[in-house]
Amino acid sequence: MPRQRAASGGKAAAESGETGATRLSRPGVLFALIGAAGLALPFVQFKPNRIVLGEPVWLSTGLGLPGWLLIAVLAAVLGVGVLARVSLPLRLALAALSTLLVLLALGAVVRQVTPQGNSIARIAPSAGMWLLLLAFALMAADALSRMRPGLGTRWLMLAGVIAGFAAVLLSGWLDGVSVMREYEVRRDLFWREAGRHLLLAFGSLGGALVVGLPLGVALYLRPALRRPVLGVLNILQTIPSLALFGIMIPIFGWIALNLPGAAALGVAGIGVFPALVALFLYSLLPVVSNTLVGLSGASPAARDAAFGLGMTQAQVLRIVLVPLALPVVLAAVRIVLVQNIGMSVIAGLIGGGGFGTFVFQGLNQTAMDLVLLGALPTIALALIAGIALDLLIEALDHRPRDRRSR
């Protein structure tokens with residue numbers, strides 16, 4: 001019996017990332033090293049204007065004595081995270097509080113460093129701030145994964161994180177940060193391009209579902225079609241994204257010039273239409289293949305019982321197989337949506353709009369703040385969409401959690 005307890009205790013320690021002798025959390029040590037690098041590196045960069053390279057500003061020099069106190073607090077939190085005995089809720093709370101402190105410190109440093117009345121200078125986050133945010137985000141994610149809270153709790157946490165970041169942005173505390181200044185100059189354009197980005201991501205996903213779901217059902221019913229259809233879709237998936245966007249330009253340019261009424265319907269070599277088509281083509285393979293896998297993986301007993309009750313093939317598909325395949329289909333939706341949110345950035349190269357407009361403008365002007373104006377909301381959208389769909393898939397998957405995690 002003691003031997004069994006020792007074995008189970010050793011297994012639990014291994015799963016929690018503890019080292020046997022010192023009772024240190026191995027993930028916590030990694031996060032502490034990342035955070036220590038963040039504390040040692042410059043916190044922001046002061047730039048006389050939006051284009052030139054900046055001068056490094058450390059947290060201690062930007063805030064003086066309060067900066068040193070904040071460094072001590074953040075270092076203490078990183079040290080606490082190293083200890084494996086610290087409870088997971090406390091670890092999560094400390095990581096969330098430290099993330100908030102880093103964001104508030106960013107606003108405070110910007111206010112201290114920006115010359116009075118100077119609207120040209122830019123204060124940009126530097127490597128130190130990004131590494132600190134990364135360290136505390138990893139610490140929170142690690143604690144959350146070990147806690148395994150319920151589905152409702154995780155929905156509330158997601159809503160709380162979104163509300164917290166929105167509150168910080170809307171408070172105006174970060175208005176002096178260079179990215180927010182770029183946003184202020186382009187506020188109307190930003191929201192117009194945000195709408196286009198959502199149109200590209202969700203519009204291509206909607207088209208892929210309209211075409212891909214029936215096609216997946218057809219492949220399930222007609223196995224002889226699977227090899228040629230999936231082969232074509234696999235070939236489309238292997239075409240580099242930039243090349244596929246470029247291929248759309250001459251094809252739809254020719255159609256717009258030679259097919260009467262095509263241009264009036266919005267068909268053109270550049271713009272939103274070719275970007276939507278390219279993203280639609282990339283979205284087909286995950287939707288079709290996951291639909292086929294979901295239908296094929298449905299319980300044979302449930303299918304046989306449905307036929308035994310006298311259901312037709314269409315009724316079995318609608319009432320039994322499709323609901324059973326829904327979690328797998330939603331997994332494809334998650335893959336496609338996150339993929340398309342990221343790939344919609346490339347649409348800016350062919351006039352498709354979206355956040356890629358700011359990314360490529362910033363690259364052309366060597367203005368990294370403008371690049372961040374397009375990149376940060378893209379990353380945020382992808383993260384939120386991925387997490388929300390993961391939670392939705394789990395809500396629809398009725399298997400026990402321990403079985404799903406195998």
Side-chain angles (χ1 to χ4, degrees), residues 41-57 62 103 106-107 109-111 113-131 133-134 165 169 172-201 240-246 248-249 268-275 278-279 340-383:
L41 291 172
F43 192 70
V44 298
Q45 280 193 331
F46 173 81
K47 300 189 290 186
N49 57 60
R50 61 192 293 265
I51 297 176
V52 301
L53 295 176
E55 300 175 1
V57 178
L103 293 176
L106 175 62
V109 171
V110 168
R111 291 168 184 263
V113 175
T114 304
Q116 188 70 26
N118 189 329
S119 60
I120 300 176
R122 295 288 189 267
I123 314 297
S126 192
M129 194 216 72
W130 295 120
L131 285 176
L133 288 181
L134 175 62
F165 275 101
L169 292 175
W173 184 251
L174 300 179
D175 284 354
V177 181
S178 56
V179 178
M180 296 305 295
R181 286 200 173 188
E182 296 290 346
Y183 164 76
E184 192 61 35
V185 173
R186 298 167 174 80
R187 182 192 297 266
D188 294 338
L189 177 62
F190 177 87
W191 290 110
R192 184 165 67 248
E193 298 303 339
R196 283 192 178 183
H197 202 98
L198 293 175
L199 171 64
L200 290 171
S241 56
L242 192 57
L244 186 59
F245 277 87
M248 297 294 105
I249 295 175
I270 59 173
V272 175
F273 185 81
L279 292 171
N340 286 3
I341 288 173
M343 289 182 57
S344 295
V345 172
I346 304 176
L349 283 175
I350 60 171
F355 292 130
T357 301
F358 305 115
V359 172
F360 293 111
Q361 282 182 3
L363 291 175
N364 290 333
Q365 301 173 21
T366 322
M368 293 310 298
D369 301 325
L370 197 53
V371 174
L372 289 177
L373 183 62
L376 290 179
T378 302
I379 295 170
L381 274 176
L383 284 174

Residues at least two apart in sequence or cross-chain that pass side chain to side chain contact (heavy atoms under 4.5 Å, CB included) with W191, listed by chain then number, are Y183, R187, A194
If we check side-chain contact (heavy atoms from CB on, under 4.5 Å) with F190, which of these qualifies: T357, L373, V185?
L373
Please find the pair of heavy atoms, one from L169 and one from M180, that lie closest to each other, and give the distance.
CD2-SD, 4.1 Å
Short side-chain to backbone donor-acceptor contact, H197 and V345, under 3.5 Å
no
Which atom names give the shortest non-hydrogen contact between M343 and S241, and what distance separates them?
CE-CB, 3.6 Å
Suppose we screen for side chain to side chain contact (heavy atoms under 4.5 Å, CB included). Which residues come up paired with P125, at least two apart in sequence or across chains?
L106, M129, W130, V177, S178
Interatomic spacing from CE in M368 to CG in L363 - rounded to 0.5 Å:
6.5 Å
Verdict with reasoning, L174 to V179, per side-chain contact (heavy atoms from CB on, under 4.5 Å):
CA-CA 9 Å; L174 300 179; V179 178; over 6 Å; no
Supply the atom-to-atom distance L372 CG to T378 OG1, rounded to the nearest 0.5 angstrom.
11.0 Å
Which pair of heavy atoms, one from G352 and one from L200, lies closest together, and at what distance?
O-CD1, 3.8 Å
Would you please name every residue forming a side-chain hydrogen bond (donor to acceptor under 3.5 Å, both in side chains) with R186, sequence neighbours left out?
E182
Here the gap from S344 atom OG to L279 atom CG, rounded to the nearest 0.5 Å, amounts to 4.5 Å
Check side-chain hydrogen bond (donor to acceptor under 3.5 Å, both in side chains) between Q361 and all other residues, then give those that pass, not counting sequence neighbours.
none
Separation between CG of L103 and CH2 of W173, rounded to the nearest 0.5 Å
12.0 Å
P56: partners by side chain to side chain contact (heavy atoms under 4.5 Å, CB included), with sequence neighbours left out:
P42, W58
Could you walk me through whether F43 and V109 satisfy the side-chain contact (heavy atoms from CB on, under 4.5 Å) test, starting with their C-alpha distance in whole Å, then the side-chain angles of each, then the deciding distance to 0.1 Å, before giving a yes or no?
CA-CA 9 Å; F43 192 70; V109 171; 4.1 Å; yes
Are more than 12 heavy atoms from other residues, nucleotides or ligands located less than 6.0 Å from atom CD1 of I270?
no
side-chain contact (heavy atoms from CB on, under 4.5 Å) with R122: which of D369, V44, V110?
D369
Nearest heavy-atom neighbours spanning R181 and G176:
NE-O, 3.7 Å
Please find the pair of heavy atoms, one from I350 and one from F245, that lie closest to each other, and give the distance.
CD1-CD2, 3.4 Å
How far apart are the closest heavy atoms of S126 and Q45, and which atoms are they?
OG-CG, 3.9 Å
Sorted by chain and residue number, the side chain to side chain contact (heavy atoms under 4.5 Å, CB included) partners of F46 (sequence neighbours excluded) come out as V57, V113, P115, A121, I123
